[in-house]
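Input: a single structure, listed below in structure tokens.
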Protein chains: 4
Amino acid sequence: MSKKQDIMAATLDLIHEEGLQAVTFSKIFKRANVGSGTIYNYFANKEEIVNAVYKEARMHLGEYLVQGFTPEASLYERFKRLQLNRLQFGIDFPKEFLFIDSFSFSPYISHELRNMDDGDNSREVVLSVIVEGQKQGIFREMESHLSHQLIHGIISSILKGYYVQKYPLDEIQIQQVLESSWKALLV
Amino acid sequence: MSKKQDIMAATLDLIHEEGLQAVTFSKIFKRANVGSGTIYNYFANKEEIVNAVYKEARMHLGEYLVQGFTPEASLYERFKRLQLNRLQFGIDFPKEFLFIDSFSFSPYISHELRNMDDGDNSREVVLSVIVEGQKQGIFREMESHLSHQLIHGIISSILKGYYVQKYPLDEIQIQQVLESSWKALLV
Amino acid sequence: MSKKQDIMAATLDLIHEEGLQAVTFSKIFKRANVGSGTIYNYFANKEEIVNAVYKEARMHLGEYLVQGFTPEASLYERFKRLQLNRLQFGIDFPKEFLFIDSFSFSPYISHELRNMDDGDNSREVVLSVIVEGQKQGIFREMESHLSHQLIHGIISSILKGYYVQKYPLDEIQIQQVLESSWKALLV
Amino acid sequence: MSKKQDIMAATLDLIHEEGLQAVTFSKIFKRANVGSGTIYNYFANKEEIVNAVYKEARMHLGEYLVQGFTPEASLYERFKRLQLNRLQFGIDFPKEFLFIDSFSFSPYISHELRNMDDGDNSREVVLSVIVEGQKQGIFREMESHLSHQLIHGIISSILKGYYVQKYPLDEIQIQQVLESSWKALLV
DNA sequence: GATGAATGAGCTTTCATTCAT
DNA sequence: CATGAATGAAAGCTCATTCAT
């Protein structure tokens with residue numbers, strides 16, 4: 001792994017463990033096993049590192065969200081695939097997920113970055129499924145961003161409860177969550 | 001207002017505007033209009049201030065959640081009251097709400113504080129409504145904490161989208177959100 | 001005891017326990033059980049307190065040194081009386097003694113205060129004994145201040161060893177020390 | 001000279017000039033011509049600097065004390081050599097000497113450090129000379145630490161008087177002092 | 001006189017950043 | 001490229017001093 005990758009990985013780890021406000025350069029380069037000067041070969045300052053980590057995490061999430069998504073599948077199948085992918089990403093990559101979640105509404109992340117297109121155009125995919133469901137009279141008529149935010153919020157919230165071990169997230173709970181989020185949109 | 005209140009209010013404002021990592025003592029006592037030493041008459045260090053602000057916000061939320069809640073009302077009425085109160089709190093007190101939301105899963109907040117009882121026993125009230133609905137066969141059988149987290153997450157997420165002006169939150173959207181969160185729990 | 005006495009006693013205690021550099025006003029008025037403002041009714045600043053404590057200790061020592069001194073006694077008796085008094089003062093008032101010893105050569109004590117006349121003119125008494133002994137051919141001819149410093153130093157040093165419990169100071173050791181200091185001056 | 005040495009030298013100078021309680025980091029790094037952060041590359045806090053300076057001074061003294069000491073010389077010669085070395089050290093290195101003297105009985109210096117072995121085993125050398133003299137019936141029977149403290153105290157005290165210019169310390173006075181300290185131990 | 005909350009100058013300490021190696 | 005000793009601006013914090021009560 002390159003030094004740059006080492007630095008970014010160390011940064012993500014530290015943010016996860018101690019929170020951004022506690023992450024110092026000193027901690028980063030100790031954890032990453034690089035000299036203090038080395039960081040400046042790759043990043044001009046701390047904000048740049050955090051933004052780069054954020055960008056990478058968003059790319060990763062974007063790719064993950066549309067995995068196994070087939071436009072030919074039924075609306076229900078496509079909806080559940082998207083929700084499952086998001087949930088599975090959170091289960092498999094808790095550090096990335098929490099980091100994205102916390103910083104998406106933080107003043108620390110630049111505006112452009114917050115509104116970046118995911119690696120794949122996953123947001124559009126989700127929105128189009130919602131709009132299609134509404135057109136078919138299956139989903140209630142609502143501002144599509146409201147619907148999007150709603151089902152996204154269910155997944156986020158469930159994951160956070162899982163992270164602090166309020167409950168397990170096995171196959172059965174996962175199906176319940178997916179089903180609930182589907183129901184939440186129905187007319 | 002007492003100096004202590006001034007300090008806590010200034011801290012909450014600054015966290016909201018710039019994020020915790022950007023809040024310095026210098027900014028706090030300038031904003032609060034107190035001498036630098038004054039802070040140490042009330043708080044031993046920055047962490048103590050933040051914890052105190054968190055505690056106060058949680059108390060405020062706790063009281064707010066059970067406002068107008070009448071055990072005699074129908075399950076539907078009681079459910080909607082609780083969800084509406086949470087949503088309304090977020091609309092009326094965005095700084096408090098966002099602060100609680102961000103820090104509830106942050107390493108910065110001590111474990112005991114995270115699990116503190118709200119001023120009122122609001123959490124138990126919500127859980128009991130969920131359990132009652134399940135007993136009556138209205139709500140799907142699920143781990144009650146999962147259900148709780150789910151409907152809580154819907155409100156949080158909707159509020160965050162509202163804060164960044166993805167959509168308005170007028171009477172009509174509010175009713176849609178409440179309805180969706182009710183649907184999400186149905187069998 | 002008056003507030004002023006309380007403050008001075010607390011200061012001496014604290015200097016003895018922690019050293020001057022660790023003594024703060026806060027510690028002084030907590031120990032003395034007075035309000036922080038009260039100190040300023042008696043002393044303009046910390047240096048004044050320390051100087052006052054020093055002065056008082058020197059007065060105390062001065063009185064003690066000439067106790068039981070009778071000009072009619074033999075040279076040997078008078079010499080031993082003076083040396084014994086100094087030693088006994090150190091044994092009975094370790095805090096005062098150590099404080100005087102440390103600060104007599106410290107930049108903290110003002111020059112006039114260092115050279116103050118003791119309450120009684122004890123220094124002159126000691127010097128006159130030395131000069132008399134030299135005139136009688138009993139003591140070696142030496143600069144009298146050198147002799148004075150020499151026998152004073154023996155007592156100081158012995159006391160410091162005693163304070164850190166290198167050895168006991170009972171009647172037998174005391175007599176040995178007095179005898180040694182007498183011998184040190186002989187021709 | 002290394003930065004570390006610069007810092008320690010500046011600290012010793014400042015303690016000598018103004019006393020420990022007046023020594024601030026700001027003064028140290030101005031005097032030592034280093035950046036404020038540099039100090040923390042070598043010492044965790046001020047106490048560590050002072051302890052390091054103390055240790056170094058003690059090592060220096062320890063080496064100095066046994067210079068030119070030859071076990072084959074007569075008891076008298078050996079005794080005078082040790083006393084002369086101590087006196088000469090004080091004359092040549094007044095800052096080191098005074099610092100050691102003040103702090104050897106101060107609460108600021110850690111217990112282990114106070115009882116450290118000097119660079120050379122100078123303390124044992126002095127004690128063995130004392131014990132040998134007592135065995136030969138030349139020195140009076142006394143607790144050896146008492147004797148040690150006594151002759152050590154003579155030198156210290158004489159030096160302090162010299163530092164404040166009570167008297168000169170030329171060859172003649174030096175011989176008188178050495179002779180006196182020898183006499184002080186005789187039967 | 002006595003008090004102690006409030007103050008801010010000045011201290012200690014941290015940490016992002018530089019630069020010679 | 002990689003390093004880490006050195007830096008100093010800015011942060012956290014202490015504490016002598018003031019002043020309204």
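FYI, side chains are in, hydrogens and waters are out, and symmetry mates aren't considered; it's all heavy atoms of this structure. The structure presented is a predicted model; accordingly, all values stated were derived computationally and were not measured.
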Given the rule that a pair is Watson-Crick or G-U wobble with both distances under 3.5 Å, how would you write DNA chain F in dot-bracket, using | for pairs to a different strand?
.||||||||||||||||||||
Pair B:Phe25 and B:Phe29, ring centroids less than 6.0 Å apart
no
Check the orientation of B:Phe89 and B:Phe93. Use parallel for under 30°, tilted for 30 to 60°, and perpendicular for over 60°.
tilted
Specify whether C:Tyr64 and C:His60 have parallel, tilted or perpendicular ring planes, treating 30° as the upper limit for parallel and 60° as the lower limit for perpendicular.
perpendicular
Do D:Leu61 and D:Glu96 touch side chain to side chain, with heavy atoms closer than 4.5 Å?
no
Donor + acceptor pair across side chains of D:Ser156, D:Lys160 (<3.5 Å)
no
Smallest separation among heavy atoms of B:Tyr54 and B:Ser104, with atom names
OH-OG, 3.1 Å
If you compare all heavy atoms of C:Asp6 against all heavy atoms of C:Ala32, which two are closest, and at what distance to 0.1 Å?
O-CB, 3.6 Å
Base, sugar-phosphate, or nothing for A:Tyr42, non-hydrogen atoms under 4.0 angstrom?
sugar-phosphate
Pair D:Lys27 + D:Glu17: basic N to acidic O under 4.0 Å
no
Check for a donor-acceptor pair, side chain of C:Asn51 on one end and backbone N or O of C:Glu47 on the other, with a separation under 3.5 Å.
yes
Please check if the side chain of B:Asn45 supplies one atom and the backbone of B:Glu48 the other of a donor-acceptor pair under 3.5 Å.
yes
Distance, rounded to the nearest Å, where A:Phe43 contributes CZ and F:dC1 contributes C1':
15 Å
What one-letter contact string describes nucleotides 7-15 of chain F from 5' to 3', where B marks a base within less than 4.0 Å of any protein heavy atom, S marks contact via sugar-phosphate atoms alone, and - marks no contact?
BBB-SSBBB
With a strict under 4.0 Å distance from non-hydrogen atoms of chain C, what nucleotide opens and what nucleotide closes the contacted stretch of DNA chain E, reading 5' to 3'?
E:dG1 to E:dA5
